[in-house]
Amino acid sequence: MKITIAGAGIGGLATALSLHAAGFDQVVVHEAAEEIRPLGVGINLLPHAVRELTELGLADRLAAIAVPTAELAYFNRYGQAVWSEPRGLAAGYRWPQYSVHRGRLQMLLLDAVRERLGAHAVRTGSRIAGLRHDSDLLVGADGIHSAVRAALFPDEGAPPWNGLVLWRGTTHAAPFLTGRSMIMAGDGTQKFVAYPIGDGRLVNWIAERPLDGEPPERGNWNRPADLAAVVAHFADWRFDWLDVPAVITGAEAAFEYPMVDREPLPYWSGDGVVLLGDAAHAMYPIGSNGASQAIIDARVLAHSLATTGSTAAYEEIRRPATTALQLANRRQGPEVVMKLAHERAPGGFDDIEAVVPLTERAEISASYKRTAGFDPVLLNERASWSVR
């Protein structure tokens, strides 16, 4: 089977590696950009995605460029703890959770594709327009503005915007909390996220709030942000354990991005074509699921093709799961605990148990893990997607 992949992002490259591991040797990735460069800022890889990369033989390479996340902690806008939980191996998973620079992960996958599939397996400056290709299967992994998706659904239009804007950046700063903590502070409307990547002293951060007027370009992660405008909204967010204004103003670079996603689709495949990753199910960047879900897509698609010769099983497994996750993220996913704490105690609290009881907080966390596919028991016991 000859397979063409549109897009050399994380999803497209993971698909090439997964197909090769499943026995497909006629796979070519087409990338519209003339050069693939390590762009972007930090992302998180959840244990279910790390499992898939581990089974592709990339565990050591990944560990060398990433920070193993020790905990996830939520706070209100005053820096008071709402909920925290261990992550990765400390939470009972067989695989770690990682914080990593998106561009470095992409280059890791690119190097692996070229090593395993050959130097010409990735063709840059090569845009796949619509459904035109010369192979048995076209995999549309070309992102939120997918040309392949647009050909399947020509009347869809631009990604819908929810009125929020994200500012993302990286700053060299002192470690906070455990030194490997991922924190989120906010009130359900305005939010600040931070976690270390790289050497542990490079902090990736995200600031989020409503935006008046029309949003900036939708779906462009690389639009420069005005740091002075960003910090003005977080000027009094100084906690005992983190100075938010200092982190923002110290950024090496920052970018703005309107909070957009895509509507769930009734189907992902057609005659000789299938969608994957953001092209299939772009979702709000909540719960650290974007890249992780694309990697899982890649593995399930390869397994489906190798064991059944079709994409039907892939779509049957992945489309309902990611649809549920898209909708959960629209409801703020596990981050809803910050919203609840603010609604019930807008001026802060003396005892979080009296505001959002432990049983409620724990169930919010556990429910999202089940929806997103990384409940620790279920993940640890699930059969592998490896074919051989």
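In summary, of the residues considered (M182, R361, M338), a side chain to side chain contact (heavy atoms under 4.5 Å, CB included) with Y74 occurs for M338 alone. The only member of I65, L109, I197 that meets side chain to side chain contact (heavy atoms under 4.5 Å, CB included) when paired with R104 is I65.
In this structure, Y93 contributes its side chain and F374 its backbone to a donor-acceptor pair below 3.5 Å. Of the possible donor and acceptor atoms, one in the side chain of S146 sits under 3.5 Å from a partner among the backbone N and O of V148. Judged by distance alone, the side chain of E31 and the main-chain N or O of A6 form no donor-acceptor pair under 3.5 Å. Looking only at distances, a side-chain donor or acceptor of N329 sits under 3.5 Å from a matching main-chain atom of I286. Of the possible donor and acceptor atoms, none in the side chain of N289 sits under 3.5 Å from a partner among the backbone N and O of Q293. In terms of modelled atom types and a separation under 3.5 Å, the side chain of R102 and the main chain of V41 share no donor-acceptor contact. A distance-only check finds no donor-acceptor pair linking the side chain of R262 to the backbone of D278 [under 3.5 Å]. In terms of modelled atom types and a separation under 3.5 Å, the side chain of T54 and the main chain of V50 share a donor-acceptor contact. Using modelled atom types, one side-chain atom of T178 and one backbone atom of R180 make a donor-acceptor pair closer than 3.5 Å. The backbone N or O of A235 sits less than 3.5 Å from a side-chain atom of R238, completing a donor-acceptor pair.
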* To do: I would like to know whether R51 and E55 meet salt bridge (charged side-chain N to carboxylate O under 4.0 Å, His left out); could you show each step before the answer?
  => CA-CA 6 Å; R51 173 181 181 173; E55 294 183 358; 2.9 Å; yes
* For side-chain contact (heavy atoms from CB on, under 4.5 Å), just list the numbers for L358 and W83, CA-CA rounded to whole Å, side-chain angles, deciding distance to a tenth of an Å, and then say yes or no. => CA-CA 8 Å; L358 176 61; W83 168 257; 3.5 Å; yes
* K2 vs D136, salt bridge (charged side-chain N to carboxylate O under 4.0 Å, His left out): CA-CA, chis, key distance, verdict -> CA-CA 5 Å; K2 291 180 61 178; D136 300 303; over 6 Å; no
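Residues S384 and R299 come closest through the heavy atom pair OG-NH2, 4.0 Å. Of all non-hydrogen atoms in W205 and W167, the two that sit nearest each other are CZ3-O, 3.5 Å. Of all non-hydrogen atoms in R116 and H20, the two that sit nearest each other are O-NE2, 3.3 Å. Here the shortest heavy-atom pairing between A372 and H48 reads O-NE2, 3.2 Å. Taking both residues in full, the closest heavy atoms of A147 and I128 are given as CB-O, 3.8 Å, listed atom of the first, atom of the second, then distance. Here the closest non-hydrogen pair linking F176 and P196 is CZ-CD, 4.5 Å.
Ion pair E263/R330 flagged as a salt bridge, since at least one NZ, NE, NH1 or NH2 atom sits closer than 4.0 Å to an Asp/Glu carboxylate oxygen. Using a cut-off of 4.0 Å between Lys/Arg side-chain N and Asp/Glu carboxylate O, R61 and E115 are scored as salt-bridged. For E85 and K369, the salt-bridge test passes: some basic side-chain N is under 4.0 Å from an acidic carboxylate O. Look at R123 and E34 and you find no salt bridge, because none of the NZ, NE, NH1 or NH2 atoms lies under 4.0 Å from a carboxylate O.
For the atom pair R168 CZ and E256 CD, the distance stands at 13.0 Å (nearest 0.5 Å).
Checked by atom type, the side-chain pair R209/H233 shows a donor-acceptor distance below 3.5 Å.
Hydrophobic clustering (side-chain heavy atoms under 4.5 Å, transitive across Ile, Leu, Val, Met, Phe, Trp, Tyr) keeps L46 apart from Y195. Clustering ILVMFWY residues whenever any of their side-chain heavy atoms sit less than 4.5 angstrom apart, transitively, puts V113 in the very cluster that holds V100. L117 and V387 fall into different hydrophobic clusters, where Ile, Leu, Val, Met, Phe, Trp and Tyr side chains are chained together by heavy-atom contacts under 4.5 Å. Hydrophobic clustering, with ILVMFWY side chains joined whenever heavy atoms are under 4.5 angstrom apart, keeps V67 apart from L45.
At most 12 non-hydrogen atoms from other residues, nucleotides or ligands lie less than 6.0 angstrom from CG of D60.
The ring-ring contact (aromatic ring centres under 6.0 Å, His included) test applied to H303 returns W385, not counting sequence neighbours.
Using a 4.5 Å cut-off on side-chain heavy atoms (C-beta onward), D142 and R127 make no contact.
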Show me, pair by pair, the donor-acceptor contacts under 3.5 angstrom made by side chains of residues 239-248, not counting sequence neighbours?
unit_1	atom_1	unit_2	atom_2	d
W241	NE1	G79	O	3.4
D243	OD1	A246	N	3.1

